[in-house]
Engineer: 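Below you will find the structure I want to go over with you.
In what follows, chains are A, B, ... by sequence order, proteins preceding strands, each numbered from 1. Note that this is a predicted model, so its numbers are computed, not measured. Computation of the quantities below employed the complete heavy-atom set of this structure, encompassing side-chain atoms and omitting hydrogens, waters and symmetry-equivalent molecules.
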Protein chains: 2
Amino acid sequence: MSVSDDEQYAPPKYAQIVTAIRRKIADGTYPPGSQLPSETALVREFAVSRPTVVRALQVLQLRGIIDREHGKGSYVKAIPPVGEEESSRTGRAVLDRVEIGEGAAVLEAGARPAPANVAGMFGVPEGAPVVMRRVLLSEADEPCELVTAWAPIELAEGTDLGRAQPLTVSIRQHLQGVKGLRFDHVVERLSARHPLPHEIDVFGLSKTAAVLGVVARVFDGSGRVVLVIDVALPGTMHELEDAYSL
Amino acid sequence: MSVSDDEQYAPPKYAQIVTAIRRKIADGTYPPGSQLPSETALVREFAVSRPTVVRALQVLQLRGIIDREHGKGSYVKAIPPVGEEESSRTGRAVLDRVEIGEGAAVLEAGARPAPANVAGMFGVPEGAPVVMRRVLLSEADEPCELVTAWAPIELAEGTDLGRAQPLTVSIRQHLQGVKGLRFDHVVERLSARHPLPHEIDVFGLSKTAAVLGVVARVFDGSGRVVLVIDVALPGTMHELEDAYSL
DNA sequence: AGAGTCAACTCGACAGTACGAGTTAGCGAC
DNA sequence: GTCGCTAACTCGTACTGTCGAGTTGACTCT
């Protein structure tokens with residue numbers, strides 16, 4: 001769809017209906033638990049065909065905002081659950097964070113020999129050079145999150161990942177802009193463990209403290225691991241929250 | 001849709017197309033990265049209308065199996081990511097597990113005064129009676145997961161939650177069958193912590209071991225918390241895995 | 001050889017129609 | 001009052017058809 005300078009972009013009709021209904025839910029016209037007008041009524045209200053209304057209702061259902069029951073109608077769900085796309089995921093948060101302005105300090109960055117776990121994830125020999133970027137996040141001057149990002153050497157070439165300066169855009173935007181790289185999905189592993197020596201130093205933890213550890217592999221569209229993100233969260237300071245439909 | 005004894009259930013046409021295409025992806029007819037036949041070709045192949053084909057392709061796209069590009073066609077994605085609905089979530093796993101046959105031992109069950117955190121989640125006073133069910137899971141005779149489920153007293157009435165016998169169906173099925181209760185969504189919190197005294201006993205852990213703790217609130221369709229599930233996973237034995245699209 | 005045009009192909013959106021299946025309320029019979 | 005039937009309402013599936021917009025390759029002209 002091309003838009004000339006003099007024209008206003010009009011969203012598809014079904015999207016406009018989604019927006020209108022969401023607005024009415026938000027302003028209390030259709031409160032939680034209430035029934036929406038039938039499809040036939042919405043056809044009249046919006047002056048569109050039934051398949052267009054159905055499509056809008058299907059979108060609302062997919063987003064967990066309404067339930068549709070055959071023969072009965074559509075109902076506003078009580079509490080829109082935190083949409084699964086909106087819930088915080090540690091790896092995604094790291095990729096989308098802008099270091100400048102977020103209390104982030106780059107502790108070190110540059111080529112390093114790949115430790116065994118990272119080498120395995122990239123499919124390179126242990127000790128092969130990869131680029132490492134270690135960033136410490138603080139809140140109210142208290143260190144709270146240690147992020148170590150690893151990238152294959154060829155991928156990091158030409159980017160600022162290996163420079164010990166805070167990035168001015170998110171990692172995702174930076175790699176998209178400089179390398180045309182698009183991320184497809186993430187696989188994260190969460191564990192409870194004791195801190196590593198450098199974590200003990202950075203956070204001032206005891207050797208037996210409990211740490212929430214997150215190791216995330218970032219895949220591009222061809223199924224290749226393009227980044228490994230290793231995050232350490234001291235257990236005394238962090239809970240991760242996750243919401244999902246049943 | 002009613003099915004008489006002499007008739008075979010036929011899935012909707014669009015669902016049959018989804019299944020057929022998924023089978024061809026799995027058997028290598030359409031390998032990762034390859035282009036699917038055009039909509040028009042699929043219309044001829046399956047002898048259906050174009051909106052029916054489009055609907056099947058939209059389902060495949062929603063499931064992250066294909067990408068559709070306007071003007072170009074549909075492409076099989078490289079690695080179907082673990083579907084977000086298929087990834088393991090601790091709370092969901094507990095609700096869907098059948099205790100009998102799964103190495104589950106019921107350690108205790110019955111009415112207990114609500115501890116502060118549980119009381120807060122149910123909106124009852126601390127110390128009010130609630131039903132508690134504590135189950136230990138073992139693998140190869142080694143304890144590996146301790147699950148404590150809490151239910152409001154009225155909800156547990158008439159169910160087997162307060163009986164120290166393994167359930168013969170999953171908790172979800174049991175409450176659906178006995179109470180007509182339907183779960184809507186779960187909000188989980190994950191943390192790294194040290195073990196509680198009873199966890200030290202059950203797992204034979206040291207006082208400073210790292211434990212992955214999961215506390216899940218289960219909501220029904222009206223937004224009420226109907227169950228609290230508290231899971232302790234010794235850090236030496238467990239990682240949780242989570243996959244999501246970007 | 002390069003640029004522009006056009007036709008054929010592709011998907012996105014929309015309208016209208018029809019039939020089947022599930023639900024509910026009203027009415028009549030007992 | 002209760003039960004059964006029916007009509008009206010509801011959503012699920014599927015079809016036919018049209019138009020618009022994006023992509024690509026072949027052909028023509030300079």
Engineer: Counting only heavy atoms not in A:E69, do more than 12 sit closer than 6.0 Å to its CD atom?
Structural biologist: yes
Engineer: For A:R217 and A:V225, indicate whether the former's side chain and the latter's backbone hold a donor-acceptor pair under 3.5 Å.
Structural biologist: no
Engineer: For a salt bridge (Lys or Arg N to Asp or Glu O under 4.0 Å) with B:R172, tell me which candidate from B:D220, B:D184, B:D96 qualifies.
Structural biologist: B:D96
Engineer: Looking at A:E188 and A:R92, does any basic side-chain N land under 4.0 Å from a carboxylate oxygen?
Structural biologist: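 A:R92 and A:E188: not salt-bridged.
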Engineer: Would you call A:K24 and A:E45 a salt bridge, using N to O less than 4.0 angstrom?
Structural biologist: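 The answer is yes: the pair qualifies as a salt bridge.
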Engineer: What string of B, S and - do you get for nucleotides 7-15 of chain D, 5' to 3', if B is base contact, S is sugar-phosphate-only contact and - is no contact with any protein heavy atom under 4.0 Å?
Structural biologist: ---BBBBSB
